[in-house]
Structure formats: structure tokens, C-alpha cells
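As the structure is a prediction and not an experimental result, all values here were calculated from the model. Residue numbering restarts at 1 for every chain, and letters A, B, ... go by the order of the sequence lines.
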Amino acid sequence: MDSYSITYTPVIAATFLGIGFISLTLLIANLLAPRVRTRGKESIYECGSPTIGQGWSQMNLRYYLYAILFLIFEIESVFLFPWTVVYKGLGPFAFWEMMLFMSMLLFGLVYAWRKGVLTWE
Amino acid sequence: MTNNAASELTLQAVPSWMPAFLVAPMIGGLSLADLIALVVLLLFVLNFVMIEIWMERKVAGHIQLRRGPLHVGPHGSLQSPADVLKLLTKEDLTPVAADPIVFPMAPYLVFVPVFLTFLVIPWGPLVLFGNFVIRPFDLGLVYMVAIPAMQGIGLVMAGWSSGNKYSLLGSARVVAQLISYELPMVIALLGVAMMAESLNLTTIVESQMKQGWNVFLQPIGFLVFFLATMSEMSRAPFDIAVAESEIVGGPFVEYSGMRWGMFYLAEFAAVCLNSALSTALFLGGWELFPGSRALGLGWISDQFGLLFFMGKMIVLVLIIQWARFALPRLRIDQLMDFAWKFLLPAGFVNFILTAILQVFGFVPFAIGIGLTLAFAAVLLATYQARRSPSTVALIRTAAAAAVPTSQGVGLPV
């Protein structure tokens with residue numbers, strides 16, 4: 001096994017530890033808690049009245065355009081992370097280059113803003 | 001607490017008293033000491049969450065002119081253990097309409113990512129124990145952005161599988177909020193990475209000891225990061241996704257008993273996590289005060305750093321709790337506007353200013369700060385001018401009417 005994956009083995013161990021902890025707690029709760037089933041208790045909570053239609057109803061996901069913008073900027077930041085680490089050694093040229101890249105992206109943000117994409121209604 | 005051959009950190013020493021069989025690597029480089037450290041970390045998180053809940057109820061009480069929990073234990077300090085016992089004996093309901101597979105899976109996906117992120121936090125050194133950090137990953141900064149993002153999937157699973165309209169709405173809001181605030185947070189982190197020239201959290205803390213704390217060099221970045229993380233964990237005033245008064249608790253309406261307790265645990269663990277991250281990234285980690293190394297007081301931080309780290313962390317936790325009870329909740333459109341039209345541009349300003357500081361030196365950086373402040377002042381002035389004067393006048397009149405009358409000075413009942 002190479003050193004890279006060895007470094008990350010605690011993550012796997014911690015995942016199992018977390019899952020084990022939740023399972024154990026829920027098991028204890030299961031043993032201690034009472035269990036009396038009635039129809040009223042098992043129905044969906046909707047402020048006391050019976051549910052109209054299904055819980056899985058159609059709805060408008062208004063954040064659709066936000067999500068597309070999010071993808072653009074998030075990919076940009078993935079590009080920027082390696083750049084930040086070596087940036088100081090690269091000097092002024094890297095600065096102007098990155099400003100060009102950023103200004104194009106910021107232009108996109110301003111365009112979306114002007115087009116009313118960033119208005120939640 | 002553990003050793004790492006790949007790391008070149010100075011503080012990363014194994015305590016000499018530790019027996020060899022504890023630090024000997026077993027499967028995949030994990031040693032017994034690693035496993036013990038992980039269990040200790042889990043216990044620490046659980047206990048800190050209990051203390052945090054008690055603190056929050058005390059803070060809430062005193063802000064609202066009450067006294068908070070009083071009766072269980074001294075000053076009500078055993079209230080949280082009592083609550084855990086009560087939750088354990090509560091009935092665990094699964095509604096008939098809920099999805100039988102996804103519904104029980106959701107609490108795991110909400111808590112485990114928060115716990116995993118604790119692995120990268122550099123807690124700092126303590127006498128005899130060495131430096132407390134499970135693993136100083138070289139990609140720590142990317143790790144701490146990527147792993148908690150999985151929590152969103154857990155919340156959507158919870159909201160969708162409940163088969164309830166409120167929880168479905170809540171989960172849709174959670175997604176919108178998470179993707180909006182993820183961006184300013186990441187942009188603010190770029191400035192931190194640029195200052196330290198590293199993505200390793202321990203290196204970032206050590207570089208702050210040499211260059212000065214990030215909170216002074218990039219205050220905008222700190223503000224953006226702190227507010228964005230506060231929103232990421234749906235804390236008030238950014239808690240529209242879990243607003244009790246309109247969608248009765250958001251994605252986890254249908255959960256009850258200990259299963260609901262897991263969501264609560266994850267929320268408070270996230271408060272602890274984000275305070276710790278802010279401390280490490282911006283407040284100088286385990287250093288006593290800025291510039292203490294130059295005064296020859298660095299040894300205090302090297303010996304008792306863990307205590308200072310905890311102290312700063314608790315102050316941040318208190319600020320987060322204070323905000324919850326002092327500020328009104330933002331509407332969803334205000335929430336989205338705040339992320340995209342204020343925090344994101346502010347994050348970019350911070351990024352550009354830090355880039356100027358790193359390459360062109362301090363004078364252009366200071367000029368840039370001055371220009372930013374002037375621009376902010378102009379924006380604020382135009383905003384104030386555009387606000388309708390009648391609203392302000394209305395508030396003034398109402399405040400004047402609330403002044404005590406003949407019945408004497410007193411608070412409104």
C-alpha cells in the first residue's frame with residue numbers, strides 16, 4: 001500500500017466509528033423505549049388535519065439557476081486552490097493572469113445579476 | 001498525538017513515554033494510539049455538545065431576562081445528560097408514508113461527515129502529550145470543504161423520505177442555502193491558502209505565528225467565512241430551512257426520539273467544528289496572543305496551546321449563540337441575496353487584496369484596503385438614503401411612546 005492511502009486510513013476508521021456509535025445509541029434507545037402503535041401516531045404531521053394528497057407533491061425548485069452558477073464558480077475555485085499554493089513564487093505575471101481569469105467570471109456574475117437570475121421570488 | 005512519516009512538522013513528535021506497541025503501525029498505517037485518539041475525539045465531541053447545549057440554554061435565558069435551566073445539578077449543568085436519558089426512553093416513530101430504507105439511513109449521513117471533519121483540526125500542543133491532531137493532511141483545506149458538503153445529501157434524504165410536505169420544502173431550502181453559502185466560504189479560504197502557501201491546517205497555524213493572525217490581515221475574509229459557515233449549519237439568523245414557526249423543523253419533522261437526537265447532535269457538533277476551524281484558520285490556532293513569539297513568550301503556546309485553542313473556540317461558540325437570540329430570522333430571498341450579492345463580492349475583494357499583499361507588498365495592499373473602505377462607505381450611504389424615511393420615523397415614535405410613564409421605570413411586561 002502506498003503512503004498516500006496510508007495517510008487517509010484514519011478516515012475509514014472514523015467512518016466506521018461514527019456509524020458504530022449511531023447504531024449502538026439507536027439500539028439502546030430501541031431496547032429502552034416503549035412501542036405502542038396507533039394510526040394517529042403513524043400518520044404524517046400536518047398540523048392536526050389529515051394530509052391532502054401525497055407528501056411527495058410537485059414543487060418548484062427555484063434554486064435551479066443558482067445551482068448552475070454554483071457549479072461554474074465551484075469549478076473555478078477548484079482551479080484556484082493549487083494556484084494559491086504556488087502563487088507567491090510566480091510573481092506579478094501570475095497575478096495579472098489570474099485577474100484576467102477572474103474578471104471573465106465576475107463578468108458572468110454581473111451578467112446573471114443584471115438578467116435577474118439572482119432574484120428569488 | 002500520533003506520528004506521521006510524511007509530515008515535516010516540528011511539533012509532530014510522539015511523546016517519549018508512550019510504549020512502542022501503542023505507536024507501532026498495524027493495518028494501513030493505523031496504530032493503537034490512532035484508534036484510542038479517534039475514540040477520545042468522539043467522546044470529546046459528544047461531551048462538548050452536551051456542555052454547548054447547556055451553555056446555549058443559559059445564554060438564551062439571560063438574553064431573555066430568564067435564568068435558564070436551574071434545577072438539575074448545580075446551575076442546571078446536568079440538564080443535558082438528563083435530556084439524553086429522556087430521549088433514549090422516547091418512542092421512535094416511523095410514519096407509514098415514509099420510505100423504509102432511506103428514512104433510517106439519513107441520520108448517519110448527517111452526523112458522520114461532521115465527525116470526519118474533526119480529523120484535520122490542529123488542536124495544538126499540551127505538555128507531555130505532544131501535538132493533538134489525528135492526521136495533518138496535506139490537502140486539509142480541500143478535505144474540510146468536501147467532507148461536510150456530504151451533510152447536504154443526508155438532509156435531502158431525510159426531507160424527501162419523510163413523505164411530508166414540510167420536510168420536502170425544508171430540504172429544498174437546505175440545498176439552496178448550502179450551495180449559495182458554499183461559494184463565499186471557499187473564496188474566503190483561498191485567501192488563507194495564499195497567505196500560508198499551503199493547504200495543510202497545521203502549516204497554516206504555524207505560518208500565522210510568523211506573519212500575524214489572518215483575522216488582522218484579512219478581516220473581510222474572516223467575516224465572510226464566519227457568516228458563511230454559520231449559514232451552512234443553518235443557525236439563526238440563517239435558519240429559514242429549519243424554521244420552527246413556519247415549516248415546523250424542516251427536513252426532520254417526522255423524526256422522533258433518539259433518531260431526532262442525532263440530527264440535533266450533528267447540528268451542535270457542527271457549531272463546535274466551525275468554531276474550531278475559524279480558530280485554526282483565522283485566529284492563530286493555539287497561539288496565546290499575536291506576536292507572542294517575537295516577545296519570547298512562544299514557549300507558553302508550545303506547552304499549553306490546547307487550552308488557548310479551546311478558549312478561543314468557546315468565545316466563538318458564544319458569539320454564534322448570542323447571534324441566535326439577538327437577531328431576527330432572514331427571509332429566504334434575503335438569505336439568497338445576502339450570499340450572492342454581499343458575501344460573494346466581499347469574498348472576491350478579500351481574495352484580490354490578499355493577492356496584492358503577497359506579490360506587491362504592504363503599501364499597495366493598504367491603498368486597496370482604503371479604497372475598499374471608501375467604496376463600502378459610499379454603498380452604505382446610498383443604501384441609507386434609499387431607505388424610506390417614514391419607517392425610521394415610525395420606529396422613533398414607537399420608541400418614544402415606550403418610555404416609562406407615571407408607573408415608573410421598568411421593562412415592558
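- With a 4.5 angstrom heavy-atom cutoff, B:L119 touches chain A only via side-chain atoms.
- For A:F21, the part lying near chain B is the side chain, with the backbone staying farther off; criterion is any non-hydrogen pair under 4.5 Å.
- Top candidate by heavy-atom pairs under 4.5 Å with chain A, chosen from B:Q334, B:K341, B:Q358, B:M195, is B:K341.
- The part of A:F95 that comes within reach of chain B is its side chain, from C-beta onward, which places non-hydrogen atoms under 4.5 angstrom from that chain.
- When heavy atoms are compared at a cutoff of 4.5 Å, B:V96 approaches chain A by way of both its backbone and its side chain.
- Interface remark: B:L335 contributes no atoms to any contact with chain A (heavy atom separation under 4.5 Å).
- For chain A, the nearby parts of B:L38 are the backbone and the side chain; heavy atoms of each come within less than 4.5 Å.
- Heavy atoms of B:S256 lying under 4.5 Å from chain A are absent altogether.
- In this structure, the side chain of B:E197 does not engage the main chain of A:T84 through any donor-acceptor pair within 3.5 Å.
- In the displayed structure, B:F342 atom CZ is contacted under 6.0 Å by at most 12 heavy atoms of other residues, nucleotides or ligands.
- Of the atoms belonging to A:I12, not a single heavy atom falls under 4.5 Å from chain B.
- At a 4.5 Å heavy-atom cutoff, the contact between B:L141 and chain A is made by side-chain atoms alone.
- The aromatic rings of A:Y8 and B:Y143 lie tilted to each other, with the angle between the two planes from 30° to 60°.
- Put simply, CG on B:L344 and CZ on A:F70 are 11.5 Å apart, with the number rounded to the nearest 0.5 Å.
- The distance from atom CZ of B:R259 to atom CG of A:N30, rounded to the nearest 0.5 Å, is 7.5 Å.
- Contacts of B:V192 with chain A are absent, with no heavy-atom separation under 4.5 Å from either backbone or side chain.
- With a 4.5 Å cut-off on non-hydrogen atoms, A:L106 touches chain B through its side chain but not through its backbone.
- In this structure, the portions of B:M258 lying under 4.5 Å from any heavy atom of chain A include both its backbone and its side chain.
- Contacts between B:L41 and chain A at a heavy-atom distance below 4.5 Å are absent for every atom of the residue.
- Proximity to chain A (any heavy atom under 4.5 Å) is restricted, for B:S161, to the backbone atoms N, CA, C and O.
- Between A:L105 and B:F348, every side-chain heavy-atom pair lies at or beyond the 4.5 Å cut-off.
- Interface remark: of the candidates A:L71, A:I28, A:T25, A:T25 forms the most heavy-atom pairs closer than 4.5 Å to chain B.
- Among B:L190, B:L35, B:V186, B:L46, the residue with the largest count of heavy-atom pairs under 4.5 Å with chain A is B:L190.
- Ranked by heavy-atom pairs shorter than 4.5 Å toward chain B, the options A:Y64, A:F73, A:Y66 are led by A:Y66.
- Rounding to the nearest 0.5 angstrom, the gap separating the CD1 atom in B:I187 from the CD atom in A:E74 is 8.0 Å.
- Both the backbone and the side chain of A:I19 come within less than 4.5 Å of a heavy atom in chain B.
- With contacts defined as side-chain heavy-atom distances shorter than 4.5 Å, the pair B:F137/A:V11 qualifies.
- Per-residue counts of heavy-atom pairs under 4.5 Å with chain A were compared for B:F111, B:F118, B:W340; the largest is that of B:W340.
- Once rounded to the nearest 0.5 Å, the distance linking OH of B:Y108 with CG of A:L26 reads 5.0 Å.
- Considering OG1 of B:T354 and OH of A:Y87, their distance stands at 9.5 Å, rounded to 0.5 Å.
- Here the CG atom belonging to A:L80 is positioned 4.5 Å from the CZ atom belonging to B:F351, to the nearest 0.5 angstrom.
- Options A:A13, A:P82, A:G18, A:P92 differ in how many heavy-atom pairs under 4.5 Å they form with chain B, and the most are formed by A:P92.
- Counting heavy atoms of neighbouring residues, nucleotides and ligands inside a 6.0 Å radius, atom CZ of B:F44 exceeds 12 of them.
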